[in-house]
Amino acid sequence: IPKWVRTEEVLVPNITGETYYKAVRILDKEGLRPAKDIREASSNAPKGEIVAQDPVANFRIKSYQPVTITVSIGAELAPVPSVIGKSQDAAAETLRAAGFRPNQIAEVHSETYIQGTVIAQTPPEGGGQQRGSAVNLVVSVGPTPQFMQLPDFQGQPAADVLVALEAAGLNVETEYS
C-alpha cells in the first residue's frame with residue numbers, strides 16, 4: 001500500500017515559540033505539513049516566532065495532514081501623534097488615547113511658547129512605534145527671567161527712586177501704609 005493511502009496517526013508536536021523555519025522542520029520530521037500561515041501582531045513574541053497552532057500540541061491527526069500556524073509579525077506599530085503646542089495635560093491625554101505613555105518631561109525656558117506648553121517630543125510625530133512605548137516631552141516654563149542690577153536706593157526720597165525705576169523700564173506701583 002502506498003504511504004499516502006495509510007491512515008497512520010501522529011501526535012502534533014508543540015511548535016509554539018519556535019521560529020517559522022524550525023517549526024516547518026519539526027512538522028516535516030513528524031510527517032506533517034504546515035497549512036497556510038496566519039500573520040499576527042504580537043507585543044510578546046518577536047517577529048517570525050510561532051504564537052499559535054491548530055491543531056494544538058499532543059492532538060492526534062493523520063500523518064501528512066496540515067497544521068495551521070500563526071506567525072508573529074512583531075509588535076503592532078502605530079504612528080506617534082504630534083503633541084507640540086498642546087498643554088502638558090492635553091499632550092498626555094492625546095498620547096494615552098493613541099496607545100502611548102508620556103515619560104520623561106524636561107522643562108526649559110522658551111520665548112516662543114507660554115508656560116506649560118509642549119515644545120518638543122521624542123520620538124517625533126509620525127513613524128511607527130510600538131504601542132505602549134514612551135514618548136518624552138520638553139515643556140516650556142515661559143521666558144527666561146530678566147535680571148537687572150539696581151543701584152542702592154537707601155536714604156533717597158521715594159519720588160527720586162520712582163523716577164529712576166521707571167527710567168530703567170520697570171512698571172512701579174506704590175503702596176503706602
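Here the closest non-hydrogen pair linking Ile69 and Tyr20 is CD1-CE1, 3.4 Å. When all heavy atoms of Ser140 and Ser110 are compared, the pair lying nearest together is OG-CB, 3.5 Å. In this structure, Arg101 and Gly132 approach most closely via the heavy-atom pair NE-O, 3.2 Å. Of all non-hydrogen atoms in Ala134 and Asn103, the two that sit nearest each other are CB-CB, 3.4 Å. Across all their heavy atoms, Leu27 and Ile15 have their closest contact at CD1-CD1, 4.1 Å. Nearest heavy-atom pair, Gln129 versus Phe100, reported as atom, atom and distance to 0.1 Å: CB-CE2, 3.7 Å.
Considering Gln121, Arg96, Glu93 in turn, Arg96 is the only one that fulfils the side chain to side chain contact (heavy atoms under 4.5 Å, CB included) rule with Pro102.
For the pair Leu162 and Thr174, the minimum side-chain heavy-atom distance is below 4.5 Å. Pro66 is not listed as a side-chain neighbour of Leu32, based on a closest heavy-atom distance of 4.5 Å or more. You'll find the side chain of Tyr113 stays beyond 4.5 Å of the side chain of Val118, heavy atoms only. Side-chain contact check for Val67 versus Asp54: every heavy-atom pair is 4.5 Å or farther apart.
One N or O on the side chain of Ser72 and one on the backbone of Ala45 form a donor-acceptor pair closer than 3.5 Å. Between the side chain of Arg131 and the main chain of Ala98, a donor-acceptor pair closer than 3.5 Å is present. Between the side chain of Asn136 and the backbone N or O of Gln104 there is at least one donor-acceptor pair closer than 3.5 Å. Using a distance-only test at 3.5 Å, with no hydrogens or angles considered, a donor-acceptor pair links the side chain of Gln53 to the main chain of Pro13.
By the neighbour-count criterion of 12 heavy atoms within 6.0 Å, atom CG of Leu11 is densely surrounded, having more than that number from other residues, nucleotides or ligands. Within 6.0 Å of atom CZ in Phe59, 12 or fewer heavy atoms from other residues, nucleotides or ligands are found, so the atom counts as exposed in its surroundings.
Side-chain contact check for Thr144 and Glu111: at least one donor-acceptor pair (N or O, by modelled atom type) lies under 3.5 Å. Of the N and O atoms on the side chains of Thr94 and Lys86, at least one donor lies less than 3.5 Å from an acceptor on the other residue.
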Evaluation steps, side-chain contact (heavy atoms from CB on, under 4.5 Å), between Leu150 and Leu165: CA-CA 8 Å; Leu150 295 174; Leu165 291 174; 4.0 Å; yes
Which is it for Thr122 and Leu137 under the side-chain contact (heavy atoms from CB on, under 4.5 Å) test, yes or no, and what are the steps along the way? CA-CA 7 Å; Thr122 305; Leu137 304 175; over 6 Å; no
Between Val12 and Arg60, does the side-chain contact (heavy atoms from CB on, under 4.5 Å) criterion hold? Intermediate values first, please. CA-CA 6 Å; Val12 176; Arg60 286 199 169 276; over 6 Å; no
Between Val80 and Val135, is the side-chain contact (heavy atoms from CB on, under 4.5 Å) condition met? List the steps. CA-CA 8 Å; Val80 178; Val135 177; 4.2 Å; yes
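Ile26 and Val24 fall within the same hydrophobic cluster, defined by Ile, Leu, Val, Met, Phe, Trp and Tyr side-chain heavy atoms under 4.5 Å apart, directly or through other members. In the hydrophobic clustering of this structure, Val83 does not group with Val141; members are Ile, Leu, Val, Met, Phe, Trp, Tyr whose side-chain heavy atoms approach within less than 4.5 Å, directly or through other members. Ile114 and Ile119 are members of different hydrophobic clusters when ILVMFWY side chains are connected at heavy-atom separations under 4.5 Å. In terms of hydrophobic clustering, with Ile, Leu, Val, Met, Phe, Trp and Tyr side chains grouped at heavy-atom distances under 4.5 Å, Ile105 and Val138 are assigned to different clusters. No chain of hydrophobic side-chain contacts below 4.5 Å, direct or via other Ile, Leu, Val, Met, Phe, Trp or Tyr residues, connects Ile73 to Tyr21.
Taken to the nearest 0.5 Å, the CD atom of Gln65 stands 9.5 Å off from the CD atom of Glu9.
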